[in-house]
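Shown next, in structure tokens, is the structure this report addresses.
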Protein chains: 2
Amino acid sequence: MSKKRKTTLKDIAILLDISTAAVSKALQDDSRISAKTKEAVRKVAKDLNYQPNHLASALRKGKSNLVGVIVPRTNSNFFSSVIQNMEEILNKNGYNIIITQSNESYSKECEAIDTLLFTQVDGIIASMANETTDLDYYEKIKSRGIPLILFDRGENDLNVDYIGIDDYASSHMIVEHLIKEGCKRIAHIGGYKRTRIFNNRIRGYIDALRENNLPLAHELLLESSLTKEDGRLKMEQLLALGKRPDAVYVAGDYAALGALQVLQENKIAVPNEIALIGFGNEPFTAMVSPTISSIDQHSSEIGRLAAQTFLERIKMPEVKQTLCKKILEAKLIVRDSSNKKPS
Amino acid sequence: MSKKRKTTLKDIAILLDISTAAVSKALQDDSRISAKTKEAVRKVAKDLNYQPNHLASALRKGKSNLVGVIVPRTNSNFFSSVIQNMEEILNKNGYNIIITQSNESYSKECEAIDTLLFTQVDGIIASMANETTDLDYYEKIKSRGIPLILFDRGENDLNVDYIGIDDYASSHMIVEHLIKEGCKRIAHIGGYKRTRIFNNRIRGYIDALRENNLPLAHELLLESSLTKEDGRLKMEQLLALGKRPDAVYVAGDYAALGALQVLQENKIAVPNEIALIGFGNEPFTAMVSPTISSIDQHSSEIGRLAAQTFLERIKMPEVKQTLCKKILEAKLIVRDSSNKKPS
DNA sequence: TAAAACTGCTTAATCGATTAAGCAATTTTT
DNA sequence: AAAAATTGCTTAATCGATTAAGCAGTTTTA
């Protein structure tokens, strides 16, 4: 019962008694083919339910019209939103995307790169795993001559296009907001220092404190994996201090949630005793109680820009010199967890 | 600077002064090639950093080793976990996956199917959009002669393999649990009746009530899109009733969260005044306060089974007769929102 | 020792679409 | 009216890997 044989250009050609070349050109609306022939070809193509064999044309044309995407995970709102917006633009331009997840693991990331290169993608858009410090594998992409665009988690050292938010400024903004709320001992549960974005957040935190003449206490600055569990641990660590902080800025929402749970378990009033701010504006920050203030990273915008950057690179592969680094300004969403005076 | 030219079989062949056929076979460890030649080929392949052109081999072999995946969205824990487990098994078997999102929209789903067929995937694993009722497009996949496996959201009418949980039994389990907790007026905020899984949940709810001699009040059975917003609306509707329910079973976690918020805004004690249960075991159900009881859908297992089913279909395409419908037993996770007597 | 089987390769066709080159017929230009 | 340009196609090569068929030379079997 299953009609296995797909219709090919040849089938159409034989039926109309013309060459496959003519059929191919007709479907591409080539000016050298008469309107009558084009019409006939299109009709037969529709009748036979012709679907071009993508592999064949990709092989011949030397491009697959596929874009590889590597993200640490898809079940975060940030990444799935980036992907969704990226996909929309790429689809419109005839590209499809292949999504792969690194699960924050360097080895899985390398596998993902191999997979994508193997699949002959025309380019790769990636956000690096937390673990990743070695950039050899990314060099492999560059040496393949296809565009590589990084977003959010990216390294400056790799000389590639990058889209992200201004982590330094965001961090700065958070600390100033907390100071305005009257906080004087502001702790920071930060990400890994070696990851550029987290390092920038740490710098923003330190500089904002300094500019406001607040002392920087080293016991208030912690390095974390930013999982919910580690957020709990680091919060417990902060509560164990002789002089507790009156505000905690956590560099990730999941860790902020863990921290919030510990605060609640210890019956500490949020924000009045200790104010709390996360980073990433994950949907659950607006769902928990109290709602958690956070930074919106403009995921849609990042997705769109990454896609556009890729398209530009594809169009003009020779203009490699001007590197494209787009840094967006993030937005602080003030919610209950840092709002001491509810209006 | 960019070394554009990729090394091909031909390059290796010329270097070793043998035919490309011999090289191809050597790399495939064909028994008709001498160990010496194989060794030499492998060495040169490594030296030249040979990466086989996937498009060429896929074209020739008539299979792409790509599996298409269609999900309503990736930013739900359920789907991302399914995908992750599916990917693991498929990768091990030489397959890569292309993920596409339908965003619960029928038209986007059709586009996704076209995209995947166009990319010459060897099979499709899908969970249907809420909107989808018309199955013509899925027929298109079947007529292409490649395996189609549905999970979670699937229609029985389409004669294809299916993996999911027992929605009827899960629903039954929830209601019995609530009754055991002493609830007597149990409401159900259900999904769309026309979607099979939600219909099954509704049937389970009704039958469990009946078996326990509890009256079925039509005003306690609501149909919802199961978004967080709609969960709020439906909960407000329930609170507006003359005789309020003493338990609400919501067919989705997001909607359950919305319902919980409304309950809290109305200062209604959960679970003592009104108990609450969700469905799906999204991570946030364990994060909010009170934590929300829910049903775990065994996402990892579903992902693994879907992948395995695909692999079996590929291995034995002729054994089309025995349809594979795997229905897993789900697990009720009792949390604070339905636990009246904390031990 | 002749026939059969195996070893280790080569040749050439193939997958399906694209495209450079070319050719005959028609139309436009000079 | 001859030259040039245009139209509308065809032929054949190509992308890179795979594979059926085949062919020497060697080894095993009867």
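Residue numbering restarts at 1 for every chain, and letters A, B, ... go by the order of the sequence lines.
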Could you tabulate the donor-acceptor pairs under 3.5 Å formed by side-chain atoms of residues 29-38 of chain A, not counting sequence neighbours?
unit_1, atom_1, unit_2, atom_2, d
A:Asp29, OD1, A:Lys38, NZ, 3.0
A:Asp30, OD1, A:Arg32, N, 2.7
A:Ser34, OG, A:Thr37, N, 3.2
A:Ser34, OG, A:Thr37, OG1, 2.8
A:Lys38, NZ, A:Asp30, O, 3.1

Output a table of donor-acceptor pairs, distance under 3.5 Å, between side-chain atoms of residues 52-59 of chain A and any protein atom two or more places apart or on a different chain; print 'none' if there are none.
unit_1, atom_1, unit_2, atom_2, d
A:Asn53, OD1, A:Leu55, N, 2.8
A:Asn53, OD1, A:Ala56, N, 3.2
A:His54, NE2, A:Ser64, O, 2.6
A:Ser57, OG, A:His54, O, 3.4

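Rounded to whole Å, atom C1' of D:dA17 lies 11 Å from atom CG of B:Leu27. A straight line from CD of A:Gln120 to C1' of D:dA17 spans 11 Å, rounded to a whole angstrom. As a whole-Å value, the separation of A:Gln28 CD from D:dG8 P is 17 Å. Nucleotide D:dT18 holds its P atom 13 Å from the NZ atom of B:Lys63, rounded to whole Å. Atoms OH (A:Tyr50) and P (C:dG16) sit 10 Å apart, rounded to a whole Å. Counting to the nearest Å, the P atom of C:dG16 and the NZ atom of A:Lys6 are 8 Å from each other. Look at CZ on A:Phe118: it is 11 Å from P on D:dA17, rounded to the nearest Å. Following rounding to the nearest Å, A:Asp29 (CG) and C:dT18 (P) show an atom-to-atom distance of 14 Å.
Counting only residues at least two apart or on different chains, no ring pair (Phe, Tyr, Trp, His ring centres under 6.0 Å) pair has a member in residues 14-43 of chain B. Sorted by first and then second residue, the ring pair (Phe, Tyr, Trp, His ring centres under 6.0 Å) pairs with a member in residues 63-83 of chain B form an empty list; sequence neighbours excluded.
In terms of modelled atom types and a separation under 3.5 Å, the side chain of A:Asp161 and the main chain of A:Cys324 share a donor-acceptor contact.
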For nucleotides 8-15 of chain C, tabulate all protein N/O to nucleotide N/O atom pairs closer than 3.5 Å, reporting atom names and distance.
unit_1, atom_1, unit_2, atom_2, d
C:dG8, N7, B:Arg32, NE, 3.1
C:dG8, N7, B:Arg32, NH2, 3.2
C:dG8, O6, B:Arg32, NH2, 2.6
C:dC9, OP1, B:Thr37, OG1, 2.9
C:dC9, OP2, B:Ser34, N, 2.8
C:dC9, OP2, B:Ser34, OG, 2.7
C:dC9, OP2, B:Thr37, OG1, 2.8
C:dT10, OP1, B:Ser19, N, 3.3
C:dT10, OP2, B:Ser19, N, 2.8
C:dT10, OP2, B:Ser19, OG, 2.6
C:dT10, O4, B:Lys25, NZ, 3.1
C:dT14, O2, B:Arg60, NE, 3.3
C:dT14, O2, B:Arg60, NH1, 2.9
C:dC15, O2, B:Arg60, N, 3.4

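Partners of B:Asn130 according to the side chain to side chain contact (heavy atoms under 4.5 Å, CB included) rule, which considers only residues two or more places apart in sequence or in another chain, are B:Glu104, B:Arg153, B:Tyr192, B:Thr195, B:Phe198. Under the rule for a salt bridge (charged side-chain N to carboxylate O under 4.0 Å, His left out), the partners of B:Asp11 that lie at least two apart in sequence or sit in another chain are B:Arg5. Residues passing the side chain to side chain contact (heavy atoms under 4.5 Å, CB included) test with A:Leu328 are A:Ile165, A:His298, A:Glu301, A:Ile302, A:Leu305, sequence neighbours excluded.
Remark on the helix from C:dT1-D:dA30 to C:dT30-D:dA1: inter-end axis angle 40°, axes from five-pair C1' superpositions, rounded to 10°.
Cation-pi geometry between B:Arg42 and B:Tyr50 is not satisfied (NZ or CZ under 6.0 Å from the ring centre, within 45° of the ring normal).
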